[in-house]
> 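The structure is given below, and queries will be raised subsequently.
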Amino acid sequence: MNNPEGRSKNFIYEIIDDDMKINKWEAKVHTRFPPEPNGYLHIGHAKSICLNYGIARDYNGKFNLRFDDTNPEKEEQEYVDSIIEDVKWLGADFEDRILYGSDYFEQMYQWAIELIKKGKAYVCDLNSDEIRSSRGTLTEPGKNSPFRNRSVEENMDLFERMRKGEFPNGTKTLRAKIDMASPNINLRDPIMYRIVHEEHHRQGSDWCIYPTYDWAHGNEDSIEGITHSICTLEFENHRPLYDWFLDQLGVHHPQQIEFARLNLSYTVMSKRRLLQLVKEGYVDGWDDPRMPTISGYRRRGYTPESIRNFAEIIGVAKRDALTDIALLEYAIRDDLNKHANRVMAVLKPLKVVITNYTGEEELEAVNNPENIEAGTRRVPFCNELYIEQNDFMENPPKGFHRLIPGGEVRLRYAYIIKCKEVIKNEKGEVIELRCSYDPETKSGSGTSTKKVKGVIHWVSAKHAVDAEVRLYDRLFTVENPGADEDWLSKIYPNSLEIINNAKVEPSLKSSKPLDKFQFERMGYFCVDQKYTTKEKLVFNRTVTLKDSWKK
RNA sequence: UGCCGGGUCGUCUAAUGGCAGGACAGCGGCCUUUGGAGCCGUAUGUGGAGGUUCGAAUCCUCCCCCGGCAGCCA
């Protein structure tokens, strides 16, 4: 049950296995995914979602979606909506549990009062500069705040008045009284509440004091009865603080486990940077198909299955890693190879006239050789076709299997043709090919023993449908742009190529947004959901086919 | 520099004192009416030095390297 696919267990499963053995938490498992609604979810969040949901599923436990919405200055309803959509799309089942940390503000407030009464928290009048300078450094201890020893009564009074809104932003904080000399800076009297007179996307103007993440996060997990609070490595240093809070309160105390966040080559993953790409117009919104966001991958043609499988492939560990984007591409190719129907589409058309063919006919084509149940379709053929410009070369290099002057090639599902004449314009560019076809070589007829090395795709010029095709490449020129201060200068200027005169086979006329296809020999493509209209089909290239042809 | 964490093929990840394995990428071959897919094969790795042990990626010591932390962000 712990490793349904027979994969080896990651270290978190081993921890949980041990917990189950000793009946910790009455042998129950309850996980959660706790995003802050200050941006769209990215593939790194997908890793976390798959991990947390996967654990709940594998141990017959529960999985919550909980918004960590403690900072009204950065959070918006639009982000809440997108996050819910993305988590659902990924297939992580939170049942009816869409929860909000901000719904626990009153409980947290009461707990803060409890700590004040125990002498474990105090109201501090230092401003943010003063707090910073008295915190000490990595190597020197901090200094106690002059307000550290206020009486319980005074603290209670001040804290209540903070809540009532008597003080302006930044003038007072509530701090935990721990140890200003702790070698762990997080324990140097961390701030629990700050004053922020700001409308909250969910709580409106009910509050003007907001809990910090450090104070809120562990409380939220505790309130929800989370057993295993799984988070990323940067919170490792905070664990002693969460432990301290929960122990002071004597409430349910989840076990925090940290794992290494995902880094993907040739992209950036921080929400701050993704927001900048969006805001400054480097990309076409959060769901731009070049973005590593879940909505970007969805629009690009990725499937939830492929992303889940990717999460499985990369595993979970504690060491920092930079995962090769090839692993993600493998996951989507693997899925689409099995499930996407094949069609023919010519991205850069070159006209071919078959001089000895008259009339027209329909040829039978297989929809998916990996899945016979996908059936067949009929593709119209006539004496005027388009083939890919790249599939013809006047002066081919050695090993070129496609059309050359005087050479033969098979038209997929049709006939073998021979190039008789090359027609050029004034500039010397090839604009048309005159070819003859061999009627004995009809695909599947068995009437010919002729063998040719090359098979190329084509569409009937008379029947073709016009389409726009968008080819995407990596967004950055360097493997790890996030490590570079000057990361914006590493944006790849040709990451999007728009082809507006592609010709696709007529069966595609009825395709719907997000429908996925393999354009034979070209790659996997998906009908764009943003720009496709009744009049105009727009396709996004999800990923190329692996191509072993090297010139 | 204080504290915390981490170093295994090019990349990601297993091996929990007993043959360093898998996936991706690469390379070679087979097959193929997609130069796709599939199949077969193949090279490449335990940061370093000592120690314990019949036996060490694993345990011990020292060293080196990498990441995180000094927001009223999360």
Side-chain angles (χ1 to χ4, degrees), chain A residues 7-11 14 34-36 38 68 70-71 73-75 124 126-128 131-133 135-142 169-175 182-188 190-196 209-210 212-214 216-217 231-240 258 260 262 265 271-272 312-331 333-334 337-338 342 344 366 368-370 399-402 410-414 416 441 443-444 451-457 479 518-524 544-550:
Chain A
R7 287 175 193 281
S8 59
K9 287 182 274 191
N10 64 51
F11 76 101
E14 296 191 351
E36 185 192 14
N38 66 344
D68 209 331
T70 56
N71 184 356
E73 290 173 323
K74 291 186 174 176
E75 297 157 9
C124 181
L126 260 24
N127 66 33
S128 90
I131 287 185
R132 185 178 342 109
S133 55
R135 184 153 31 218
T137 68
L138 295 178
T139 50
E140 307 157 54
N169 288 357
T171 53
K172 285 185 167 41
T173 57
L174 183 74
R175 294 228 254 165
S182 172
N184 182 341
I185 290 176
N186 297 123
L187 263 25
R188 318 240 263 230
I191 289 165
M192 296 165 63
Y193 279 93
R194 71 279 212 190
I195 299 172
V196 183
I209 56 171
Y210 288 91
T212 58
Y213 176 87
D214 275 342
H217 194 79
C231 64
T232 44
L233 255 26
E234 68 268 28
F235 297 108
E236 213 158 15
N237 296 340
H238 296 241
R239 178 159 25 92
E258 307 88 7
L262 172 67
S265 61
K271 275 203 257 184
R272 196 195 98 235
E312 203 64 49
I313 289 168
I314 60 175
V316 177
K318 290 197 74 157
R319 53 181 163 266
D320 289 308
L322 180 58
T323 298
D324 192 336
I325 189 84
L327 259 45
L328 216 212
E329 294 181 347
Y330 164 77
R333 281 197 192 100
D334 189 47
N337 176 47
K338 292 172 194 138
R342 275 61 170 169
M344 291 197 284
V366 173
N368 185 351
E370 303 296 317
F400 186 77
H401 293 168
R402 292 109 93 170
R410 173 172 288 283
L411 295 176
R412 179 84 159 143
Y413 295 121
I416 292 175
T441 58
S443 200
K451 289 264 189 245
V452 287
K453 270 251 169 152
V455 179
I456 64 174
H457 62 276
E479 219 185 15
Q518 184 195 104
F519 289 180
E520 293 220 25
R521 305 203 309 132
M522 302 306 288
Y524 294 98
T544 59
L545 249 30
K546 217 168 75 181
D547 184 1
S548 60
W549 161 247
K550 304 265 173 11

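Naming: A, B, ... by sequence-line order, numbering from 1 per chain.
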> Using the C1' atom as the point on both nucleotides, what is the distance between B:C69 and B:C73, in whole Å?
14 Å
> Mark up nucleotides 34-47 of chain B, 5' to 3', with B wherever a protein heavy atom is under 4.0 angstrom from a base atom, S wherever such an atom reaches only the sugar-phosphate, and - elsewhere.
BBBS----------
> Please name all residues satisfying side-chain hydrogen bond (donor to acceptor under 3.5 Å, both in side chains) with A:R402, sequence neighbours left out, ordered by chain then number.
A:D391
> Who passes side-chain contact (heavy atoms from CB on, under 4.5 Å) against A:E479, sequence neighbours left out?
A:S265, A:Y266, A:L322
> For atom C1', what is the distance between B:A25 and B:G45, given to the nearest Å?
15 Å
> Taking only Lys NZ, Arg NE, NH1 and NH2, and the carboxylate oxygens of Asp or Glu, determine whether A:R412 and A:E520 approach each other closer than 4.0 Å.
yes
> Under the 3.5 Å rule, do the base of B:U11 and the side chain of A:T323 count as making a donor-acceptor pair?
no
> Is the closest side-chain heavy-atom distance between A:L233 and A:D320 below 4.5 Å?
yes
> Does OP1 or OP2 of B:U33 have a side-chain N or O of A:R410 closer than 4.0 Å?
no
> Provide, to the nearest angstrom, the distance between the CD1 atom belonging to A:I313 and the P atom belonging to B:A23.
11 Å
> Mind checking if A:V452 touches a base, just sugar-phosphate, or nothing, with heavy atoms under 4.0 Å?
nothing
> How long is the line joining CZ of A:R239 and P of B:C4, in whole Å?
12 Å
> Using the side chain to side chain contact (heavy atoms under 4.5 Å, CB included) rule, take A:Y210 and A:I195 through it: C-alpha gap first, then chi angles, then the decisive distance, then the call.
CA-CA 6 Å; A:Y210 288 91; A:I195 299 172; over 6 Å; no
> Which part of the nucleic acid, if any, lies within reach of A:E329 when heavy atoms closer than 4.0 Å are counted: base, sugar-phosphate only, or nothing?
nothing
> Measure from NZ on A:K318 to P on B:U13 and round the result to the nearest Å.
13 Å
> Using a 4.0 Å heavy-atom cut-off, does A:G523 contact any base of the nucleic acid, only the sugar-phosphate backbone, or nothing at all?
nothing
> Might you work through the side chain to side chain contact (heavy atoms under 4.5 Å, CB included) test for A:H457 and A:M522, ending with a clear yes or no?
CA-CA 9 Å; A:H457 62 276; A:M522 302 306 288; 3.5 Å; yes
> Side-chain contact test, heavy atoms from C-beta onward, threshold under 4.5 Å: evaluate it for A:I456 versus A:L411 and give yes or no.
yes
> Can you check whether A:Q518 reaches A:L545 side chain to side chain, under 4.5 Å on heavy atoms?
yes
> Considering only the C1' atoms, how many Å lie between B:C24 and B:U42, rounded to the nearest integer?
16 Å
> Between B:A14 and B:G36, how far is it from one P atom to the other, in whole Å?
32 Å
> So A:H401 and A:W549, would you call those rings parallel, tilted or perpendicular, with 30° and 60° as cut-offs?
tilted
> Give the B/S/- string for nucleotides 68-74 of chain B, one per nucleotide from 5' to 3', where a protein heavy atom under 4.0 Å of the base yields B, of only the sugar-phosphate yields S, and otherwise -.
BBBSBSB
> Does A:R319 place a side-chain N or O at less than 4.0 Å from the phosphate oxygens OP1/OP2 of B:U13?
yes
> In whole angstrom, give me the gap between the C1' atoms of B:U8 and B:A23.
15 Å
> If I pick the C1' atom on B:C9 and the same atom on B:G26, what distance separates them, to the nearest angstrom?
12 Å
> Look up atom OG1 in A:T171 and atom CZ in A:R194, then write down how far apart they are to the nearest 0.5 Å.
14.0 Å
> Using the side-chain hydrogen bond (donor to acceptor under 3.5 Å, both in side chains) criterion, which residues pair with A:R342? Sequence neighbours excluded.
A:N337, A:N368
> Given the rule that a pair is Watson-Crick or G-U wobble with both distances under 3.5 Å, how would you write RNA chain B in dot-bracket, using | for pairs to a different strand?
.((((((..((((....[..)))).(((((.......)))))....(((((..]....))))))))))).....
> For residues A:P240 and A:L187, determine if any side-chain heavy atom of one lies less than 4.5 Å from a side-chain heavy atom of the other.
yes
> Which whole-number value in Å describes the distance from A:D324 CG to B:C12 C1'?
9 Å
> How many angstroms lie between atom OG1 of A:T173 and atom CD1 of A:I191, to the nearest 0.5 angstrom?
4.5 Å
> May I have the distance from A:L322 (atom CG) to B:G7 (atom C1'), rounded to whole angstrom?
16 Å
> Give me the distance, rounded to whole Å, that separates B:G51 from B:A57 when you measure between the P atoms they each carry.
15 Å
> Starting at atom CG of A:L328, determine the distance to atom C1' of B:A25, rounded to an integer number of angstrom.
14 Å
> A:D320 has an atom CG; how far is it from atom P of B:C12, in whole Å?
10 Å
> Between B:G7 and B:U58, how far apart are the two P atoms, rounded to whole Å?
12 Å
> With syn defined as a glycosidic torsion within 90 degrees of 0 and anti otherwise, which applies to B:G71?
syn
